[in-house]
J.: 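This is the structure I have questions about; it appears just below.
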Amino acid sequence: MRYEEIADDLRRRVDAGEFAERLLPSESDLCAAYDASRITVRKALDVLREDGLVVSRRGVGWYVVADPLRQTLGRLGTIEAQLAEAGIASTRKVLDFGFVTAPPRVRRTLGARRALEVRRLTLADGKPFARVTVWCSELLGRHLSLDDVEQTTFYELLAVELGRATQTIAAASATNADAELLELAPGAPVLSCERVTEDVDGRAVLMSEHVFPAHRTKFVVELTRADRSMAPSGLRLVE
């Protein structure tokens with residue numbers, strides 16, 4: 001069928017790296033190039049989207065999906081460090097900075113009624129990669145400024161020795177606010193990660209929430225056989 005022929009040709013062109021900056025021609029240009037109707041072109045693009053090869057962004061167009069970044073869970077690190085190791089330039093844009101009454105979950109975790117709350121957008125090679133919200137107690141964060149958190153990670157800024165962190169990862173759907181920030185359709189699949197970082201004495205000093213477009217990253221953990229059971233540890237049933 002005609003749309004399948006167009007999908008096959010576009011797949012070949014994508015594999016050949018033809019499209020600069022991963023942006024496909026507009027639907028109008030594709031209609032002219034293939035002498036096809038917009039319905040036929042869209043059916044071809046939908047085939048590629050179902051294959052996970054392209055994604056559409058409202059008001060922008062169709063993009064070739066980049067290979068997802070592999071984030072290792074075996075060590076305590078930052079998004080910026082993982083991006084740098086992959087040769088990807090990262091920048092951060094602080095969206096909100098201020099001292100707030102800690103949300104109930106943050107209050108219970110950090111043991112503080114007031115907290116510094118920083119919400120930011122992390123960009124990878126100029127494209128939205130993650131929405132991050134970080135909380136620390138007012139006591140620990142009172143000396144920090146907006147310039148500080150724009151330039152440096154909390155791990156480097158806090159005057160405490162960090163010990164370990166617990167990270168919980170779940171599948172979720174993008175809220176309207178996150179969809180706009182991450183250039184996704186509302187309800188698009190995302191990975192939602194909650195991390196609690198402790199100092200060397202086991203006290204929680206940071207709590208953070210990270211929301212990633214599901215197609216832009218994947219988490220990797222190495223499993224070793226400690227006993228006869230091969231089941232991964234830390235598996236929890238969500239009720």
Side-chain angles (χ1 to χ4, degrees), residues 19-30 38 41-42 45-46 48-71 78-80 82-83 86 88-106 115-136 146-154 167-195 206-219:
F19 302 111
E21 299 298 322
R22 306 198 309 276
L23 179 63
L24 270 63
S26 68
E27 291 185 7
S28 296
D29 288 343
L30 290 173
R38 187 176 292 270
V41 166
R42 283 184 177 172
L45 291 169
D46 283 339
L48 299 185
R49 175 162 52 188
E50 290 173 3
D51 290 344
L53 194 61
V54 300
V55 65
S56 63
R57 296 180 183 171
R58 182 179 300 175
V60 179
W62 291 84
Y63 275 85
V64 178
V65 174
D67 291 336
L69 174 73
R70 291 166 59 93
Q71 296 195 59
T78 64
I79 295 174
E80 290 80 7
Q82 299 250 18
L83 289 169
I88 300 171
S90 66
T91 53
R92 61 179 65 199
K93 178 181 179 182
V94 174
L95 307 171
D96 296 297
F97 174 96
F99 291 91
V100 300
T101 299
R105 184 165 174 77
V106 174
L116 172 61
E117 180 182 87
V118 177
R119 192 170 68 98
R120 71 172 188 264
L121 180 66
T122 297
L123 305 173
D125 283 343
K127 306 295 185 192
F129 182 71
R131 189 271 296 164
V132 182
T133 304
V134 183
W135 296 270
C136 71
L146 175 60
D147 287 341
D148 289 333
V149 298
E150 280 185 327
Q151 301 299 322
T152 312
T153 69
F154 271 88
Q167 185 157 301
T168 304
I169 305 169
S173 300
T175 64
N176 290 341
D178 281 337
E180 183 175 357
L181 285 173
L182 299 173
E183 297 182 2
L184 300 170
V190 295
L191 293 175
S192 179
C193 307
E194 179 187 276
R195 177 183 288 192
L206 284 174
M207 185 171 180
S208 56
E209 180 187 59
H210 310 249
V211 177
F212 302 91
H215 68 280
R216 298 218 63 189
T217 193
K218 55 185 174 183
F219 293 92

J.: Keeping Arg216 on the side-chain end and Pro128 on the backbone end, is there a donor-acceptor pair under 3.5 Å?
T.: yes
J.: First locate atom CD of Glu209, then atom OG of Ser192, and finally report the distance between them rounded to the nearest 0.5 Å.
T.: 5.0 Å
J.: Before you tell me yes or no, could you show the steps for Phe212 and Val190 under side-chain contact (heavy atoms from CB on, under 4.5 Å), namely the whole-Å CA-CA distance, both residues' side-chain angles and the distance that decides it to 0.1 Å?
T.: CA-CA 5 Å; Phe212 302 91; Val190 295; over 6 Å; no
J.: Would you please test Glu150 and Lys93 for salt bridge (charged side-chain N to carboxylate O under 4.0 Å, His left out) and show each step?
T.: CA-CA 7 Å; Glu150 280 185 327; Lys93 178 181 179 182; over 6 Å; no
J.: Using the test salt bridge (charged side-chain N to carboxylate O under 4.0 Å, His left out), find all partners of Glu180 that sit at least two apart in sequence or belong to another chain.
T.: none
J.: Could you tell me which residues satisfy side-chain hydrogen bond (donor to acceptor under 3.5 Å, both in side chains) with Gln151, sequence neighbours excluded, listed by chain and number?
T.: none
J.: Could you measure the distance from the CD1 atom of Ile79 to the CZ atom of Arg120? Nearest 0.5 Å is fine.
T.: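 The CZ atom of Arg120 is 6.0 Å from CD1 of Ile79, to the nearest 0.5 Å.
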J.: Can a donor-acceptor pair be found between the side chains of Arg38 and Ser28 at a distance below 3.5 Å?
T.: yes
J.: Side-chain contact, heavy-atom cut-off 4.5 Å: Ile169 with Gln167?
T.: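 They are in side-chain contact.
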J.: Of all residues at least two apart in sequence or in a different chain, which pass the side-chain hydrogen bond (donor to acceptor under 3.5 Å, both in side chains) check with Thr101?
T.: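 Thr101 satisfies side-chain hydrogen bond (donor to acceptor under 3.5 Å, both in side chains) with no other residue.
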J.: Begin with the C-alpha distance, continue with both residues' side-chain angles, and end with the deciding distance and a verdict on salt bridge (charged side-chain N to carboxylate O under 4.0 Å, His left out) for Arg105 and Glu194.
T.: CA-CA 11 Å; Arg105 184 165 174 77; Glu194 179 187 276; 2.7 Å; yes
J.: Under the ring-ring contact (aromatic ring centres under 6.0 Å, His included) rule, collect the residues that match up with Phe154, sequence neighbours excluded.
T.: none
J.: To the nearest 0.5 angstrom, please state how far the OG atom of Ser208 sits from the CZ atom of Arg195.
T.: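 Going from the OG atom of Ser208 to the CZ atom of Arg195 covers 6.0 Å.
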J.: Identify the residue among Arg49, Glu27, Arg42 that makes a side-chain hydrogen bond (donor to acceptor under 3.5 Å, both in side chains) with Ser56.
T.: Arg49
J.: Restricting to non-hydrogen atoms, name the atom on Ser90 and the atom on Leu83 that form the minimum distance, rounded to 0.1 Å.
T.: CB-CD1, 3.5 Å
J.: Decide yes or no on side-chain contact (heavy atoms from CB on, under 4.5 Å) for Leu206 and Val134, but give the supporting numbers first.
T.: CA-CA 7 Å; Leu206 284 174; Val134 183; 3.8 Å; yes
J.: Which value, rounded to the nearest 0.5 Å, describes the distance between Leu191 atom CG and His210 atom NE2?
T.: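 Rounded to the nearest 0.5 Å, the CG-NE2 separation comes to 12.5 Å.
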J.: For Arg92, enumerate each residue passing the salt bridge (charged side-chain N to carboxylate O under 4.0 Å, His left out) test, keeping only those at least two apart in sequence or located in another chain.
T.: Glu80
J.: Holding to salt bridge (charged side-chain N to carboxylate O under 4.0 Å, His left out), I want the full list of residues that pass it with Asp96, two or more places apart in sequence or in another chain.
T.: Arg119
J.: For the side chain to side chain contact (heavy atoms under 4.5 Å, CB included) test, which of Val55, Asp178, Leu184 pairs with Pro213?
T.: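 For Pro213, the side chain to side chain contact (heavy atoms under 4.5 Å, CB included) check succeeds only for Leu184.
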J.: Where do Phe97 and Val149 land on the side-chain contact (heavy atoms from CB on, under 4.5 Å) test, with the steps shown first?
T.: CA-CA 9 Å; Phe97 174 96; Val149 298; 3.7 Å; yes
J.: Work out which heavy atom in Val54 is nearest to a heavy atom in Leu45; give both atom names and the distance.
T.: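 The answer is CG2-O, 3.8 Å.
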J.: Work out which heavy atom in Ala174 is nearest to a heavy atom in Ala185; give both atom names and the distance.
T.: CB-O, 4.3 Å
J.: Give the intermediate values and the outcome of side-chain contact (heavy atoms from CB on, under 4.5 Å) for residues Leu182 and Phe129.
T.: CA-CA 7 Å; Leu182 299 173; Phe129 182 71; over 6 Å; no
